[in-house]
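To start, the structure itself, in structure tokens.
Values reported hereafter were calculated over all heavy atoms of this structure, with side chains retained and with hydrogens, waters and symmetry mates removed. Sequence lines set the chain letters: A, B, ... in the order given, protein chains first and strands last, and positions in each chain run from 1.
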Amino acid sequence: MAEKEVVLMKGNEAVAHAAIRCGCDGYFGYPITPQSEVLETLALEKPWETTGMVVVQAESELASINMVYGGGAAGKRCMTSSSSPGVALMQEGIAYMAGAEIPGLIVNVQRGGPGLGSIQPSQSDYFQATRGGGNGDYNVIVLAPASVQEMADFVDLAFELSFKYRNPAMILSDGVIGQMMEKLVLPPFKPRRTEEQIQEECPWATMGRKKERRPNILTSLELDCGKMEQKNLHLQAKYEEIREKEVRFENVLCEDAEYLIVAFGSAARIGLKVIEMCRAEGIKVGLLRPVTLWPFPAGEIARLGRRVKGILSFEINAGQMVEDIRLATDGQVPVAHYGRMGGVVPAPDEVVRALKEKLIQS
Amino acid sequence: MTEEEIMRPENLVYKKPALLNDNPMHYCPGCSHGVVHKLVAEIIEEMGMEEKTVAISPVGCAVFAYNYIDVDWVEAAHGRAPAVATAIKRLWPDRLVFTYQGDGDLACIGTAESIHALNRGEHIAIIFINNAIYGMTGGQMAPTTLMGMKTSTCPYGRVADLHGYPLKFTEIAATLEGTCYVTRQSVHNVAAIRKAKKAIRKAFENSMAGKGASLVEIVSTCNAGWKLSPEKANQWMEEHMFKFYPLGDLKDTTAITEDSL
Ligand SMILES: Cc1ncc(C[n+]2csc(CCOP(=O)(O)OP(=O)(O)O)c2C)c(N)n1
Ligand code: SF4
Ligand SMILES: [Mg+2]
């Protein structure tokens, strides 16, 4: 086996290197803190000279996402990255991708909001990411990395899922994971797909009509409402299949837990320390980390909810995922929320205190 | 001559391009869109690019262009076609990639995407149907609506204090380093149609030769939006539109001449 390439880098840099290595065909982006290193790293690495990957600094996030839309329509693995205000601007394009069933990857390195907000980490785009975010009934596959390693690994995973289901996929990260440096093993090199491979894998792609086939037309428009409903039913059936097959999560010390913390991304990293501190005091706390935020691990949370005395949804926001936990547990168990906003990252002892106050003492 | 004799292949003087399928067009009688569609289909056929064309349709009356010309199409969000085209051409450089957009799509909601794709010198062709109105949504004011012209959102006529001035987008495009060919044409009579065809052909050739971005504006009629018969609409266009939007090439840095086509 070839030696593993262990390197030290920022989460954002890891995304760029992973993209080059996983056969990504095109990156389109617009600078915004705290994720500009993605485009900067690509510009330094010049993948157009090695793998042939196209890198374009677009005029806006509207343009970036529509470039991803075009590239994905033409069967190519395309991605963009941004932070919260930029991803807000992309929602139109993401809805069009969902409607026209065009694959592609969006990386959101979240910062505090609303509006221009702050440039510090936040998880306040959970609703936007998991509820669709644009217009219409649709869902985006959402992966939440909790380490620099996962920032890298999820790039290929997101592309695989996105193309498998012809649906946009998102990596919902935040300023902590994007900016922190960690050791990681770089993913192995995977060549970009050839024209023949794309033709084979994406018979729907608009890359020039070959004689034997009818023209491919990718559109989200259907003026006949009956047909549009059929199209929606098709999308909903696809989303149901994704819910059945693609839920991912991680359990830490959940089996003997009396209390459960549910946290994703950087909050889950803090959560690890929280359960350690609680257990040192004799309080048995476990951590459930959703890896896919959509599809949400509702079944696993419901299962654990039946065994614990209370659940704390710990998020770096005003309380968004807590709604999904309440839906999953359906009033069977007390569910509380703790979070900070505006870019403030909570310390573990705050969370321990909140757990005691909100669930144990009450 | 009997009807049957007339129908014989050797007597054929005109035929519909094969790429233009038999779907009945939704365009109003007299609308310029239909004529331009035919030219586009003819040119793709003449260039032998049927299997190598990816076209991008706008939001506007031409949103359904994909129903009529049998090549691969991507339908873009309102105004975003040049961004969509940018990616496709960069990722498939040997394909013919063009957008087909109205004035609202290209010169209003998509101004940024249009200017930047042109200015980056993307090797794409943009066909710009300027009918000075929002046809699809029922005749509202466009960025290109002439001063004094009445539309449903300027029912007393366009005035500067309320509505600002009509935008000469093509003139702006001609100033951009990335454009190699910028021209303004029309399709109101046979001579104009022939010229417009040459212009679109040249824009497509530029795209394939990697010469930069080309913009072909077609000053067009929207008889439904203008509330004029097809004939009157053409007259009105000649009298009013051509004054503000004069026909002809604004820029040509390519070596492709009309004769070489
Ligand atoms: C984001 C968005 N805003 C508004 C609309 C509504 N809309 C559809 S077509 C159109 C104007 C089209 O006008 P133009 O581009 O001039 O094309 P024409 O129909 O005149 O050919 C508008 C405003 C839309 N579809 N999407
Ligand atoms: S509304 Fe105007 S632009 Fe649209 S089809 Fe009718 S004439 Fe043509
Ligand atoms: Mg118009």
- Item | Residues of residues 59-73 of chain A contacting chain B, heavy-atom criterion under 4.5 Å, by residue number | A:E59, A:S60, A:L62, A:A63, A:N66, A:M67, A:Y69, A:G70, A:G71, A:A73
- Note on the structure: Rounded to the nearest 0.5 Å, the OH atom of B:Y66 sits from the OG1 atom of A:T219 at a distance of 3.5 Å
- Within a reach of under 6.0 Å around CD1 of A:I119, are more than 12 heavy atoms found that belong to other residues, nucleotides or ligands? no
- Query: Under a 4.5 Å heavy-atom cut-off, does chain A meet the side chain of B:V97, its backbone, both or neither?
  - Reply: neither
- Under a 4.5 Å heavy-atom cut-off, does chain A meet the side chain of B:V54, its backbone, both or neither? side chain
- So, the part of B:I44 with a heavy atom under 4.5 Å from chain A: the answer is neither
- Note on the structure: Quick note, side-chain hydrogen bond (donor to acceptor under 3.5 Å, both in side chains) partners involving residues 42-60 of chain B, not counting sequence neighbours, are A:K211-B:E51, B:K38-B:E42, B:E42-B:K197, B:E46-B:K197, B:K52-B:D94
- The complete set of side-chain hydrogen bond (donor to acceptor under 3.5 Å, both in side chains) pairs with one or both residues in residues 122-141 of chain B, sequence neighbours excluded, reads B:R90-B:E122, B:R120-B:E122, B:N130-B:T144, B:N130-B:E217, B:T137-B:Q140
- Listed by residue number, which members of residues 92-105 of chain A have a heavy atom under 4.5 Å from any heavy atom of chain B? A:E92, A:Y96
- Donor-acceptor contact below 3.5 Å, side chain B:W92 vs main chain A:A74: yes
- Is B:E177 atom CD crowded by more than 12 heavy atoms from other residues, nucleotides or ligands, each under 6.0 Å away? no
- Item | Close side-chain approach of B:D70 to A:P215, heavy-atom, < 4.5 Å | yes
- Give, for atom CH2 of B:W73 and atom CG of A:N216, the distance between the pair rounded to the nearest 0.5 Å. 14.0 Å
- May I ask you to say whether A:R214 pairs ionically with B:D72, meaning some side-chain N is under 4.0 Å from a carboxylate O? no
- Shortest non-hydrogen pair, B:L91 vs A:D25, comes out as CD2-O, 3.3 Å
- Given A:E195, A:M53, A:K210, the one with more heavy-atom pairs under 4.5 angstrom with chain B than any other is A:E195
- Query: Is the shortest heavy-atom distance from the side chain of B:L19 to the side chain of A:R209 under 4.5 Å?
  - Reply: yes
- Value for OG1 (A:T206) from CZ (B:R95), rounded to nearest 0.5 Å, stands at 10.0 Å
